[in-house]
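Working notes for the structure below.
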Amino acid sequence: MTNNNNLICDLETGVCGVSEDDEMQVIDFSQKRKSIDVYYVTDPICSHCWALEPVLRRFVEQYGHYVNFHTIMGGLLEKWAGFADVSNGISSPSDVAGHWREVGEHSRMPIDGTVWLENPIQSSYPPSRVFKIIQKQNGEIANVFLRRAREAVFVFNQNIAENSVLIGIVNNLGLDGEKIVKEAELPIGQQLLTEDFALASQLGVRGFPTIIMLNEENKGVKIVGSRTLDSYTSGLKQALNLDELKPKQQPALFSLLEKEKLLFSKEIEVMYDIEQKDINRFVESELSTIAYDTKEILGETYFINR
C-alpha cells in the first residue's frame with residue numbers, strides 16, 4: 001500500500017499521492033450492506049487530510065446521523081530508505097517542508113513544516129499503529145488522538161514518529177501512553193494496520209484523503225482529495241438516493257470548543273459560514289460565558305478552551 005510519492009500533495013486536486021481523473025466517481029461492490037458506511041482513508045502526516053479538517057468536522061456534525069463513519073489508516077510513509085523522486089523535487093525528508101507550507105498557506109490550516117528540516121519523520125507507521133491500538137478499544141478517543149497528533153506535527157512541529165511524543169499525546173487523553181505505545185510496537189499493532197491497508201486497497205484507494213460512501217446495495221461514491229462540503233453532501237445524496245438531506249443544526253461554538261479544546265479560525269469560519277474578518281466579533285459573542293484564550297501561529301488565529 002505504501003508509496004512515498006504520496007508525500008507529493010497537489011494543491012489543485014487536494015490529493016496526497018496518486019490523483020485520479022475525477023474527484024467523484026460512481027462505484028459498485030458486490031456484498032450487500034445494511035446501511036450507509038463512510039470510509040475515511042487517511043494518514044497522520046497527510047497534509048491535505050489536515051486541510052480537510054474544517055469541512056470534515058462540519059460534515060460529521062451535520063450529516064453524521066445518516067452514516068456509520070470508519071477511519072482507516074492508509075500508510076503514507078513506511079520508510080525513506082531507497083527512496084528518491086528527483087523529478088518531483090523529493091529526494092530527502094527536507095524536501096517535504098516546502099510542500100507542507102504551501103498546503104498550509106493554501107488551506108489556512110497552519111502547517112509549520114520545519115520538522116522535516118530539524119527532526120525528520122522517518123515513518124508514519126508508529127502513530128498509525130497507536131491509532132489502531134486505541135481504536136480497538138474506543139473509536140471516538142482514537143479520533144481525538146489523531147487530531148492531537150496532527151496538531152503536534154503540523155502546527156507545533158513535533159515528530160510524531162517518536163515514542164516520547166506519542167506517549168505524551170496519549171497521556172493527555174487520560175490513557176496510559178507508555179502501555180499503549182508499547183502495545184503498538186507488538187505484532188498486533190502492525191496486524192491491525194495491515195488490515196486497514198488491505199481494506200483501503202479493496203476499496204481502490206490510491207491517494208489521501210479518500211472518502212468512500214457505500215449504501216445498502218453496496219453502491220455509492222468515491223471522493224478523492226480535500227473537497228468542499230457540497231462535494232460530500234452531493235455524494236451522500238447519491239449514495240442514499242435522496243433529493244434532499246436534513247442536516248442537524250451546527251453545535252453552539254461554546255460546546256464545540258469544549259469538546260475539541262482547540263479550534264483554528266478557518267474551522268470556525270467553515271462551521272458557521274463566517275467571514276474571516278468577522279471571526280473575532282463572532283467568537284466574542286458566542287463565547288461570552290466560557291473562559292478561552294486567543295492565540296496566533298503562522299499568521300492564523302486559534303482559540304483554546306481553558
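Worth knowing before you read on, the calculation uses all heavy atoms, side chains too, and leaves out hydrogens, waters and symmetry mates. Residue numbers start at 1 and run along the sequence shown. Predicted model, so just to flag it, every value in this text is computed and none were measured.
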Checklist entry - After noting the C-alpha distance and the side-chain angles of Asn163 and Glu185, does the key distance pass the side-chain hydrogen bond (donor to acceptor under 3.5 Å, both in side chains) rule? => result CA-CA 10 Å; Asn163 283 357; Glu185 292 178 327; 2.9 Å; yes
Checking the side chain of [X] only, and the main-chain atoms of [Y] only, is there a donor and an acceptor separated by less than 3.5 Å?
X	Y	value
Gln158	Ala152	no
Ser285	Phe282	yes
Thr194	Gln190	yes
Gln135	Thr71	yes
His65	Lys246	yes
Lys248	Tyr63	no
Asn172	Gly168	yes

Mind listing the closest non-hydrogen atom pair of [X] and [Y] along with its distance?
X	Y	result
Glu258	Lys261	O-NZ, 3.0 Å
Leu76	Ser124	N-OG, 3.6 Å
Asn215	Ala239	ND2-O, 2.7 Å
Val153	Trp100	CG2-CH2, 3.8 Å
Gly113	Ala97	O-CB, 3.3 Å
Pro44	Ile160	CB-CD1, 3.9 Å

Interatomic distance, [X] atom [atom1] to [Y] atom [atom2] [nearest 0.5 angstrom]:
X	Y	atom1	atom2	result
Arg101	Thr114	CZ	OG1	7.0 Å
Ile212	Ile223	CD1	CD1	9.0 Å
Glu275	Arg281	CD	CZ	11.0 Å
Ile180	Asn171	CD1	CG	8.5 Å
Leu240	Ile36	CG	CD1	4.0 Å
Ser201	Arg206	OG	CZ	11.0 Å

Any luck finding a side-chain donor-acceptor pair between [X] and [Y] under 3.5 Å?
X	Y	result
Asn119	Glu162	yes
Thr42	Arg150	yes
Gln122	Asn159	no

Next on the checklist: As a quick check of understanding, evaluate side-chain contact (heavy atoms from CB on, under 4.5 Å) for Asp43 and Cys49, giving each step before the final call.
Outcome noted: CA-CA 8 Å; Asp43 186 273; Cys49 299; 5.7 Å; no
Checklist entry - How far apart are the C-alpha atoms of Glu284 and Tyr292, what are their side-chain angles, what is the distance that settles it, and do they pass the side-chain contact (heavy atoms from CB on, under 4.5 Å) test? => result CA-CA 10 Å; Glu284 288 170 7; Tyr292 69 95; 3.8 Å; yes
Do [X] and [Y] have side-chain heavy atoms sitting under 4.5 Å apart?
X	Y	value
Asp112	Val115	no
Ile211	Leu56	yes
Phe254	Leu287	yes
Asp293	Phe303	no
Phe264	Thr301	no
Phe208	Val15	no
Asp37	Met213	no
Leu52	Tyr40	yes

Can [X] and [Y] be counted as an ion pair, charged N to O under 4.0 angstrom?
X	Y	answer
Glu269	Lys277	no
Arg108	Glu300	yes
Lys237	Asp230	no
Glu183	Lys179	no
Lys182	Glu178	yes
Glu151	Arg148	yes

Any chain of hydrophobic side-chain contacts (each under 4.5 Å) joining [X] to [Y]?
X	Y	answer
Trp80	Leu117	no
Leu262	Val165	yes
Leu298	Val103	yes
Leu256	Leu146	no
Tyr272	Leu229	no

Checklist entry - Hey, mind stepping through Ser265 and Ile268 against side-chain contact (heavy atoms from CB on, under 4.5 Å) and telling me if it holds? => result CA-CA 5 Å; Ser265 177; Ile268 297 172; 5.8 Å; no
Next on the checklist: Show, in sequence, the C-alpha distance, side-chain angles and deciding distance for Glu267 and Arg57, and conclude whether the salt bridge (Lys or Arg N to Asp or Glu O under 4.0 Å) test is met.
Outcome noted: CA-CA 8 Å; Glu267 298 181 288; Arg57 178 182 290 104; 2.7 Å; yes
Checklist entry - Leu199 and Phe197: side-chain contact (heavy atoms from CB on, under 4.5 Å), yes or no, with the steps? => result CA-CA 5 Å; Leu199 177 56; Phe197 296 167; over 6 Å; no
Next on the checklist: Can you tell me how the ring of Phe156 sits relative to the ring of Tyr302, calling it parallel under 30°, perpendicular over 60° and tilted otherwise?
Outcome noted: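 The rings of Phe156 and Tyr302 stand perpendicular, inter-plane angle above 60°.
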Checklist entry - What do you reckon, is CD of Glu140 surrounded by more than 12 foreign heavy atoms closer than 6.0 Å? => result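 For Glu140, atom CD is not crowded (no more than 12 foreign heavy atoms under 6.0 Å).
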Item to check | salt bridge (Lys or Arg N to Asp or Glu O under 4.0 Å) evaluation trace for Arg147 with Glu53 | outcome: CA-CA 9 Å; Arg147 168 64 184 212; Glu53 293 260 311; 2.7 Å; yes
